[in-house]
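Reviewing the structure listed below.
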Amino acid sequence: MRYSVEHQPELQRFRIVQQGEEALLEYQLLGDSVDFWRTYVPDALRNQGIAEQLVRHGLSWAQQQQLGVQASCWYVQKFL
């Protein structure tokens, strides 16, 4: 299932809201690169592919912005 991903650049994060719950991919801009440092999906939303969709969306955004990518988050590292 595809979910609507919202980019909140002022908070340096991407989010998906479902069933009143919020899943996040948080990042930090580091000059001409980005560090994806945290992925969080609440228990009620797990095993639905939400984290993967957030990460793929974030990586696509980084590529469009021509940013180098770092991943402090173990989950994001799986996609690099």
- Run through Tyr27, Phe14, Phe79, Tyr3 and flag the one making a ring-ring contact (aromatic ring centres under 6.0 Å, His included) with His57.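 Between His57 and the candidates, ring-ring contact (aromatic ring centres under 6.0 Å, His included) is satisfied uniquely by Phe14.
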* Asked: Any chance CD of Gln63 has more than 12 other-residue heavy atoms, nucleotides or ligands included, within less than 6.0 Å?
  ->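 Result for CD/Gln63: open.
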Look at the side-chain heavy atoms of Ile, Leu, Val, Met, Phe, Trp and Tyr, link any pair under 4.5 Å apart, and say whether [X] and [Y] land in one connected group.
X     : Y     : value
Ile50 : Trp61 : yes
Leu24 : Leu45 : no
Val69 : Trp37 : no
Ile16 : Leu11 : no

> Rounded to the nearest 0.5 Å, how far does CZ of Arg38 lie from CD of Gln12?
Replying inline: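 Answer for the CD-CZ pair, Gln12 versus Arg38, is 14.0 Å.
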Rounded to the nearest 0.5 Å, how far apart are CG of Leu59 and CG of Leu54?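 Rounded to the nearest 0.5 Å, the CG-CG separation comes to 11.0 Å.
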Using a 4.5 Å cut-off on heavy atoms from C-beta on, say whether the side chain of [Y] contacts that of [X].
X     : Y     : answer
Glu21 : Pro42 : yes
Val5  : Arg15 : no
Leu29 : Asp35 : no

What are the two closest non-hydrogen atoms of [X] and [Y], and how far apart are they?
X     : Y     : answer
Ser33 : Leu67 : N-CD2, 4.1 Å
Cys73 : Thr39 : SG-OG1, 3.4 Å
Val41 : Ala23 : CG2-CB, 4.0 Å

Hey, do the aromatic rings of Phe36 and Tyr75 have their centres closer than 6.0 Å?
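Ring centres of Tyr75 and Phe36 not closer than 6.0 Å.
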Going by side chain to side chain donor-acceptor pair (under 3.5 Å), Arg13 matches just one of His7, Gln28, Glu26, Gln8. Which one?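 It is Gln8, the one option of His7, Gln28, Glu26, Gln8 that forms the side chain to side chain donor-acceptor pair (under 3.5 Å) with Arg13.
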Mind jotting down which residue pairs meet the salt bridge (Lys or Arg N to Asp or Glu O under 4.0 Å) criterion with at least one end in residues 57-79? Sequence neighbours excluded, please.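 Listed once each, the pairs would be none.
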